[in-house]
Amino acid sequence: MSFKKILFFSAITFYAMACGNAQQNQNSDPSEHIATNIQGSVKYKQYMVEGRRLYTQYCSNCHQPDGGGLGKVYPPINKSDFIDNNFEESICIIKNGRQGEITVNGITYNQPMMPIPGLTDLEIAEISTFIYNNWGRDKGLIPVKGVQDILSKCTNK
């Protein structure tokens, strides 16, 4: 095969992939913010290690190291229907906190979660990757770009 044909087919393949990604990004499905098939990658491992460290530093005092929450005071993250069903809102809450009642696994909690405005988008991606790949979850890496897209739409900025 000549160099021109290889170049032509490479360009066609790149164009088709770019068009497919543009079409996919129009979808509002939260899974568009999750990078799949990279669980074994170095980047994924780095996010998990740093995410665990950040979770321990910022989250585990209330939500506990095992994600089980603190009685009826702070809700669990481990086996949490709220976390499982509110992906984008959960990411917004990590950055901006939350006031008012929240129902998790049928139990109502009303303890404020203070915002952590100093967290970078990368740190939120790392915490989210840790949370969404522990306690029976296997969502894959949550990239910084996905977090940035979600945070730009948060209603509780």
Side-chain angles (χ1 to χ4, degrees), residues 17-18 20-157:
M17 289 171 54
N21 286 341
Q23 172 112 13
Q24 183 179 12
N25 288 338
Q26 292 174 2
N27 184 354
S28 64
D29 181 1
S31 64
E32 74 182 78
H33 302 293
I34 300 172
T36 57
N37 300 324
I38 61 170
Q39 271 80 354
S41 75
V42 172
K43 185 175 184 178
Y44 173 80
K45 290 174 184 175
Q46 290 172 329
Y47 273 48
M48 288 296 288
V49 167
E50 193 60 18
R52 177 183 304 277
R53 184 190 72 75
L54 292 164
Y55 176 85
T56 299
Q57 180 178 351
Y58 292 106
C59 313
S60 69
N61 191 44
C62 297
H63 297 289
Q64 301 303 293
D66 67 355
L70 189 59
K72 292 189 178 184
V73 181
Y74 294 107
I77 293 175
N78 177 352
K79 298 181 178 119
S80 165
D81 61 351
F82 184 88
I83 295 291
D84 292 339
N85 298 321
N86 297 281
F87 175 75
E88 292 186 5
E89 186 176 354
S90 296
I91 289 175
C92 291
I93 290 171
I94 292 170
K95 176 81 171 194
N96 302 313
R98 181 184 171 102
Q99 300 287 325
E101 291 185 347
I102 183 172
T103 302
V104 178
N105 300 336
I107 300 171
T108 301
Y109 299 85
N110 196 8
Q111 194 73 308
M113 180 171 154
M114 301 310 295
I116 312 172
L119 287 176
T120 66
D121 295 347
L122 172 60
E123 290 170 327
I124 294 169
E126 292 166 337
I127 293 169
S128 300
T129 297
F130 174 74
I131 289 170
Y132 279 96
N133 288 281
N134 270 304
W135 307 307
R137 297 183 188 99
D138 188 18
K139 299 287 187 197
L141 185 133
I142 318 279
V144 175
K145 176 71 172 118
V147 166
Q148 291 169 334
D149 290 347
I150 291 167
L151 291 176
S152 72
K153 299 183 286 186
C154 292
T155 57
N156 58 346
K157 291 186 205 179

Restricting to non-hydrogen atoms, name the atom on [X] and the atom on [Y] that form the minimum distance, rounded to 0.1 Å.
{"X": "Asn110", "Y": "Glu101", "answer": "OD1-N, 3.4 Å"}
{"X": "Pro75", "Y": "Val104", "answer": "CB-CG2, 3.7 Å"}
{"X": "Asp81", "Y": "Gly106", "answer": "OD2-N, 4.3 Å"}
{"X": "Pro117", "Y": "Lys95", "answer": "O-NZ, 3.3 Å"}
{"X": "Ile124", "Y": "Ile91", "answer": "CG2-CG2, 3.9 Å"}
{"X": "Phe87", "Y": "Tyr132", "answer": "CA-OH, 3.4 Å"}

State the [atom1]-[atom2] distance between [X] and [Y], to the nearest 0.5 angstrom.
{"X": "Lys45", "Y": "Thr129", "atom1": "NZ", "atom2": "OG1", "result": "15.0 Å"}
{"X": "Leu151", "Y": "Leu119", "atom1": "CG", "atom2": "CG", "result": "10.0 Å"}
{"X": "Ile116", "Y": "Leu54", "atom1": "CD1", "atom2": "CG", "result": "9.5 Å"}

So [Y] and [X], do their side chains get closer than 4.5 Å, heavy atoms only?
{"X": "Ile131", "Y": "Lys139", "answer": "no"}
{"X": "Tyr55", "Y": "Ile94", "answer": "no"}
{"X": "Ile77", "Y": "Phe82", "answer": "no"}

Say whether, by atom type as modelled, one donor and one acceptor occur between the side chain of Thr103 and the main chain of Thr108 under 3.5 angstrom.
no
Please check if the side chain of Arg137 supplies one atom and the backbone of Gly140 the other of a donor-acceptor pair under 3.5 Å.
no
Who passes side chain to side chain donor-acceptor pair (under 3.5 Å) against Asp66, sequence neighbours left out?
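With neighbours one apart ignored, the set is empty.
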Counting only heavy atoms from other residues, nucleotides and ligands, does the tally under 6.0 Å from CG of Asn105 exceed 12?
yes
Is any NZ, NE, NH1 or NH2 atom of the basic residue among Asp149 and Lys153 found under 4.0 Å from an Asp or Glu carboxylate oxygen of the other?
no
Short N-O contact, Arg53 and Glu126, less than 4.0 angstrom:
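No, this pair does not count.
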